[in-house]
Amino acid sequence: MSQQQVSSGERLGILKSVILGASALFYAYGVWNAVAHLVTVAQFGMNPYGWFVMIFSALFPIIVFIAAFAIGRRRSASEFGIVMLAGLALVAVFWMNVVALSTLNFSSLTT
């Protein structure tokens, strides 16, 4: 193997690591928002459906991050970035649905 092939492979690994780290911060922010919202809504007393929705909304970014990493880890850096960005978009849409549910149908989550 030539030196040029080794250095380009290392650079790709570093680039993917940077993409992974940056996207992990955004996914962690999604988890942080969900936990903060869970604590806020829990103060009003939640029924089992409310607990399920709020706990799942905190776990959903973690599940999507793991799935996006599993899908994109063997791909190029640009494809890996696109997969991580698509997963983040999915988390954002899901989070908007949770916020809409808790805003418009608050009584369905609380006792």
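What's counted below: heavy atoms across the whole structure, side chains too, no hydrogens, waters or symmetry copies.
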Give every donor-acceptor pair under 3.5 Å between a side-chain atom in residues 89-96 and any protein atom, sequence neighbours left out.
none

Table please: side-chain donor-acceptor pairs of residues 49-65 below 3.5 Å, with sequence neighbours left out.
| residue | atom | partner | partner atom | Å |
| --- | --- | --- | --- | --- |
| W51 | NE1 | M46 | O | 3.4 |
| S57 | OG | V53 | O | 3.4 |
| S57 | OG | M54 | O | 2.7 |

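Using modelled atom types, no side-chain atom of T103 and backbone atom of A100 make a donor-acceptor pair closer than 3.5 Å.
Residues meeting the ring pair (Phe, Tyr, Trp, His ring centres under 6.0 Å) test with F106, sequence neighbours left out: F44. Residues satisfying the side chain to side chain contact (heavy atoms under 4.5 Å, CB included) criterion with F80, sequence neighbours excluded, are K16, I19, L20, F69, M84.
No single ILVMFWY cluster, assembled from side-chain heavy atoms under 4.5 Å apart, contains both V18 and Y29.
Within the structure, the side-chain hydrogen bond (donor to acceptor under 3.5 Å, both in side chains) test picks out the following pairs touching residues 31-42 (sequence neighbours left out): H37-S102.
One finds the CG atom of L101 at 5.0 Å from the CG atom of L109 (value rounded to the nearest 0.5 Å). The distance from the CG atom of L85 to the OG atom of S23 is 9.0 Å, given to the nearest 0.5 Å.
Grouped by direct or indirect side-chain proximity (heavy atoms under 4.5 Å, Ile/Leu/Val/Met/Phe/Trp/Tyr only), I71 sits with V83.
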